[in-house]
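Beneath this line is the structure, given in structure tokens, with notes to follow.
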Amino acid sequence: MIYLDNQATTPLAPEAKEAMLRWLSGPEAMGFANPHSAHPAGRAAMAAIEVAREQVAALLPPGGRVIFTSGATEAINQAILSVPRSGIAFSAIEHSAVIEAARASGAPLQELPVDAAGLVDPEVQFAEDIGLVSVMQVNNEIGTIQPVARLAERAHAHGALFLCDAVQGAGKLAPPEGADLIAVTAHKLYGPKGIGALWVRDGVEIGPFMHGGGQEGGLRSGTLSPALCAGFGAAAALAKARMETDFQHLQGLAAAARTALAGWTLNGSEVSRWPGNLNLRLDGLDVPRLMSDLRGIYFSAGSACGSGTGKPSRVLKAIGLADRAAKSSVRLGFGRYTTIQEVEDACARIAAAAVAQGE
Ligand code: PLP
């Protein structure tokens, strides 16, 4: 098996798994204690959560606080639904979490188009009533890096807050500059599934989202999982320490894949992109057939949540691709644990299977 679906999720880093084990252990070690209990076992669990919070905060800008959530979908919903604002503007290639939460808010909406390279124009005009602008750092389907610093500056000049979905960039790139709210998730940076965070800039007012026992400063009620927090924290610390090494590794993998699939066309910007993602198309390619021919290679035709719908990707349509071109595209997602040998083998088999389709 060769795993090339690292935008859907990443494998758990051994270091993150190790950090989780104590909090999953049996009754003797007291790792199961409720971190909100006042006894020593509860306080030890809370101390581990606070260490994890610092480790996650180290991936994000200074001058804000980290609220743990169940993942980025919850963090985004909290940001969009519990921050006082009027209209919401978002890029046409945002994750469904942003688009659906914005729709559910009942607020006036403005969709910001992207160009053929998959980039939002940093000088785009926001509608008068816009009070929240949401643009992601790195796109999950085509890997483009958005001009978020400038967009945040312009949102502020407009009197709006800026939300950045940094799910695909966190732990891999420097944090988005200028954002007021940032959503991240552990499972895209080699941490466990089921935990994420909303970062809130100091001074930004946000209301409670989950109502209950008042955990997380009253903003997100519910018992935190020390194991998930510790795994997230360890994964974040590792990602920070390895950021440059991981980036260079991914650049090498992307270059090898581009060489092996030289006749294929890249979807999205050649330059403003994160190297862990390659979204490539080949005229006339039958992607479902390719996937069934190559069962041992785990890659995708777009986002995991959009797969299985049979519909062309809305991200590829937003960059101007016709349905046919969008449907003849594949997403190859590389990660820290992908080897060059795996990329070379997978690409050679993908190229051969594509040639065989034409025969
Ligand atoms: N935003 C982006 C860009 C994503 O890729 C994902 C994951 O699919 C999410 C948000 C949602 O994250 P989570 O799975 O933690 O809810």
Side-chain angles (χ1 to χ4, degrees), residues 1-19 55-61 117-119 136-149 164-177 182 184-191 231-262 264-280 297-300 330-348 350-351:
M1 301 299 170
I2 301 180
Y3 183 75
L4 298 182
D5 200 16
N6 282 273
Q7 273 79 66
T9 196
T10 50
L12 186 65
E15 293 86 342
K17 182 177 171 189
E18 186 57 37
Q55 290 169 317
V56 173
L59 289 182
L60 295 161
L119 299 172
M136 68 206 319
Q137 185 182 25
V138 176
N139 182 265
N140 50 309
E141 286 194 44
I142 55 174
T144 49
I145 300 176
Q146 299 296 340
V148 287
C164 186
D165 168 352
V167 163
Q168 298 286 343
K172 296 160 185 163
L173 298 172
E177 260 176 65
I182 301 175
V184 295
T185 195
H187 76 101
K188 312 274 186 176
L189 53 89
Y190 313 96
F232 189 6
L238 188 65
K240 191 168 169 75
R242 292 185 52 108
M243 203 174 283
E244 190 52 43
T245 318
D246 283 353
F247 191 85
Q248 282 171 9
H249 175 61
L250 294 176
Q251 278 183 317
L253 300 180
R258 290 299 296 279
T259 306
L261 298 171
W264 297 51
T265 306
L266 181 72
N267 292 324
S269 172
E270 281 277 355
V271 283
S272 189
R273 68 167 26 262
W274 178 66
N277 170 294
L278 280 183
N279 194 309
L280 301 167
I297 305 175
Y298 295 169
F299 62 105
S300 72
V330 295
R331 179 181 72 175
L332 306 181
F334 315 119
R336 178 188 296 156
Y337 304 108
T338 315
T339 66
I340 190 95
Q341 189 64 52
E342 286 179 317
V343 170
E344 285 171 357
D345 288 355
C347 291
I350 291 170

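Bear in mind that the values here come from a model prediction, so they are computed numbers and not experimental data. In what follows, every heavy atom counts, from backbone to side chain, and hydrogens, waters and symmetry copies are set aside. Quick note: residue numbers are just sequence positions, from 1.
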(message) Any heavy-atom pair between the side chains of Thr265 and Leu280 that's under 4.5 Å?
(response) no

(message) Let me confirm one number: the CG-CD distance from Asn279 to Glu141, rounded to the nearest 0.5 Å.
(response) 7.0 Å

Listing, residues 7-16 side-chain donor-acceptor contacts under 3.5 Å, not counting sequence neighbours, or none:
residue : atom : partner : partner atom : Å
Gln7    : OE1  : Asn277  : ND2          : 3.3
Gln7    : NE2  : Gly276  : O            : 3.2
Thr9    : OG1  : His187  : O            : 3.1
Thr9    : OG1  : His187  : ND1          : 2.7
Thr9    : OG1  : Lys193  : NZ           : 3.2
Thr10   : OG1  : His187  : O            : 2.7
Thr10   : OG1  : Tyr190  : N            : 2.8

(request) List the steps and the verdict of side chain to side chain contact (heavy atoms under 4.5 Å, CB included) for Leu253 and Glu342. (result) CA-CA 9 Å; Leu253 300 180; Glu342 286 179 317; over 6 Å; no

(message) Using side-chain heavy atoms (C-beta onward) and a distance below 4.5 Å, is Asp5 in contact with Arg331?
(response) yes

(request) Taking all non-hydrogen atoms of both residues into account, name the closest pair between Pro61 and Ile182 and its distance. (result) CD-CD1, 3.6 Å

(message) Working to the nearest 0.5 angstrom, can you tell me the gap between Asn6 CG and Asn140 CG?
(response) 13.5 Å

(message) I need the Asp345 CG to Ile340 CD1 distance, nearest 0.5 Å.
(response) 10.5 Å

(message) Just so I know, are the side chains of Leu261 and Leu332 near enough to count as touching, which here means a heavy-atom distance under 4.5 Å?
(response) yes

(message) For a quick test of reading the model, state the closest non-hydrogen atom pair linking Thr144 to Ala117 and the distance between them.
(response) CG2-O, 3.2 Å

(request) Locate the shortest heavy-atom distance separating Val138 from Gly143; write the atom from each residue and the value. (result) CG1-O, 3.8 Å

(request) List the steps and the verdict of side chain to side chain contact (heavy atoms under 4.5 Å, CB included) for Ile2 and Phe299. (result) CA-CA 9 Å; Ile2 301 180; Phe299 62 105; over 6 Å; no

(message) If you compare all heavy atoms of Val343 against all heavy atoms of Ala256, which two are closest, and at what distance to 0.1 Å?
(response) CG1-CB, 4.3 Å

(message) Would you compute the distance between atom CD of Gln168 and atom CG of Leu189 and round it to the nearest 0.5 angstrom?
(response) 10.0 Å

(message) Minimum heavy-atom separation for Gly268 and Ile142, please, with both atom names.
(response) CA-CD1, 4.3 Å

(request) Begin with the C-alpha distance, continue with both residues' side-chain angles, and end with the deciding distance and a verdict on side chain to side chain contact (heavy atoms under 4.5 Å, CB included) for Lys172 and Asp246. (result) CA-CA 8 Å; Lys172 296 160 185 163; Asp246 283 353; over 6 Å; no

(request) Please answer whether the main-chain N or O of Ala174 pairs with a side-chain N or O of Gln137 as donor and acceptor at a distance below 3.5 Å. (result) yes

(message) If you apply the rule side chain to side chain contact (heavy atoms under 4.5 Å, CB included), what do you find for Ile350 with Val330, and how did you get there?
(response) CA-CA 10 Å; Ile350 291 170; Val330 295; 5.5 Å; no

(request) Report the distance from atom CG of Leu59 to atom CZ of Phe232, rounding to the nearest 0.5 Å. (result) 7.5 Å

(request) Could you tell me the separation between the NZ atom of Lys240 and the CG atom of Leu238, rounded to the nearest 0.5 Å? (result) 13.0 Å

(message) Going by the rule ring pair (Phe, Tyr, Trp, His ring centres under 6.0 Å), which residues pair with Phe334 if we only count those two or more places apart in sequence or in a different chain?
(response) none

(message) Taking Gly118's backbone N and O only, do any of them form a donor-acceptor pair with Gln146's side chain (distance below 3.5 Å, no angle check)?
(response) yes

(request) Could you list the residues that satisfy side-chain hydrogen bond (donor to acceptor under 3.5 Å, both in side chains) with Arg273, not counting sequence neighbours? (result) none

(request) Locate the shortest heavy-atom distance separating Ile297 from Leu4; write the atom from each residue and the value. (result) CG2-CD1, 4.2 Å

(request) Examine distances only and state if a side-chain atom of His249 and a backbone atom of Tyr337 form a donor-acceptor pair shorter than 3.5 Å. (result) no

(message) Looking at Glu177, I'd like to know if its CD atom is crowded, meaning that more than 12 non-hydrogen atoms belonging to other residues, nucleotides or ligands lie closer than 6.0 Å.
(response) no

